[in-house]
Amino acid sequence: METASGLARAREPVFELKPNRSFATRHALAVEDLRAGLSLWRLTWMLGWLDIRLRYRGSVLGPGWLTLSTAIMIAALGFLYSALFHTNLHNYLPFLALSMILWNFLSTIVGEACTCFLQAEGTIRAIRMPFFLHAGRMLVRNVLVLAHNIPVVIAVYLIFAIAPGATALIAVPAFALWLIDGIAIAYLLGIFCARFRDVPPIVASVMQIGFFVSPIIWEPSTLATKWQHLLPLNPFYTLLEVVRGPLLGTAPSLEVWASAVGYSLFITLVAWLLFVRARHRVAFWI
Amino acid sequence: MAGISVRNITVDFPLYHGSSRSLKKTVFAAASGRVGQDRQHRVVVQALSGVSFALGSGDRLGLVGNNGAGKTTLLRVLAGIYEPVAGDVTIAGSVTALLDPNLGMNQDLTGRENVLLRGLYSGLSPPAIRRLEEDVRDFAELGDFLDLPVRLYSSGMMVRLGFALATAIRPQVLLMDEWFLAGDAAFMEKARERLESMVRGAEILVLSSHVGPVLQAWCTRVIWLEQGRIRMDGPAEPVLEQYLGHKLPPPAAGAALTDAIVAARA
């Protein structure tokens, strides 16, 4: 007890809110939120991890369900679509498996971004915590779900004897870009959804449309040539492709990269400006 | 040196949600006369208005007032949860706000996991968290239950765990809401000593409570809030006498204080 207190006493933080609510002041507070949030990585990780563990506590397979349900979905869809579209299963199934796994990751992040602050209402009202914590927790949770799907991807690689080779390493920086986008979208939608309660259904509809208009279950090459050159304008496609392409052994083209990075910069900038502007109001909105 | 300085703060609550804004407006206007519209014509409730005070090391402040007077809002401002729309706030020192008895407590996690989470919320290092765990286990008398999910605990065990966790970390500035005085008589007697040592250990205490004897025993200064404004501010006894409308008995201490708390809740 005494030692715990000694630790808490060692720091003497000063919390200050001045009447000068200028952009610079707000920006500094937002940066401080980000810094404090990153230093709480241990808590962020623990909360995300416990979310997964609690979801499957008491079930026999535990988080193994994540792996199993993905495997079942991929196998069923693969056989169904190859029969429907008469595509060659050998080429199509690996494409479909990666597309579905990665798209599920992205669309779940976008969906849960809407509720990341609303769900943390109890904590936000009880203790001053960086908002980054709630965004990070959502991201950690989804990265862990994605990690559970890695065995499915490896199984697909083995069954179809695919080796993406060194090209796959390009997926690493692309995935880092996803993580930044994930935090940005959590700030952006988390704040919007706290203020306007009808945003989540709109977001869900947009994601549904995105799913159908983007080459996720259909291959880009099946698109008519006159539409092909418009594909890099689709943020869903380019952002998906920077990770999916390398994992299938094709390096993304320069246009795809430019589009993915460009859209990411845009989202991050908008999210940051919104966060700087609205951070101090979120506690009143939830 | 811990210190709190609050100058002329105003906190407005926007009312965005609800099907009928006009009905709400009428009801609230009739109830308190504190409903107005801000520049963008949103309906707002003024929770605090023009509140100023300063506290230094050794100060013990009690907050009294009716429900809705702004006591909890003021505690949340001091905890940095609500940022006021006007005025400035400076708080030096580590702050612990005991506002929600179940902060971060998850019913499906074991006692041990909950202790770990609370330690992480407080920014403790792994060795400090281990010590926290021992301290909580000893005080809450949980024994082997520490490794069972909290939802299996009896209500007494729940209260003991929540209380042990909340009081294990000693801050410089302690903000406490009145829920803290809940619990059965036998537990209060045990808890009071721990609470008193925590209160004594804090450089600054801000306590919101309805229980006169507690404020009288622990606080040197009392602020009476009414409709978000300071109605009276001064030494504990005169303000409490004005607020309660009767003369105060001599200050209670020790077991008598426990009895007073239990009696006040009954």
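These numbers come from a predicted model, not from an experiment. Computed over heavy atoms, backbone and side chain alike; hydrogens, waters and symmetry mates excluded.
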Please flag which part of A:Leu133 lies under 4.5 Å from any non-hydrogen atom of chain B: side chain, backbone, both or neither. side chain
Ion pair present between [X] and [Y], side-chain N to carboxylate O less than 4.0 angstrom?
X: B:Glu113; Y: A:Arg53; value: yes
X: A:Arg281; Y: B:Glu83; value: no
X: A:Arg125; Y: A:Glu121; value: yes

Under a 4.5 Å heavy-atom cut-off, does chain A meet the side chain of [X], its backbone, both or neither?
X: B:Glu134; value: neither
X: B:Ile9; value: neither
X: B:Val85; value: both
X: B:Pro126; value: side chain

Inspect the surroundings of CZ in A:Phe192 and state if more than 12 heavy atoms from other residues, nucleotides or ligands are less than 6.0 Å away. no
Do you know which of A:Arg42, A:Arg128, A:His280 has the most heavy-atom pairs under 4.5 Å to chain B? A:Arg128
Under a 3.5 Å threshold, yes or no: a donor from one side chain and an acceptor from the other, between A:Asp181 and A:Ser264? yes
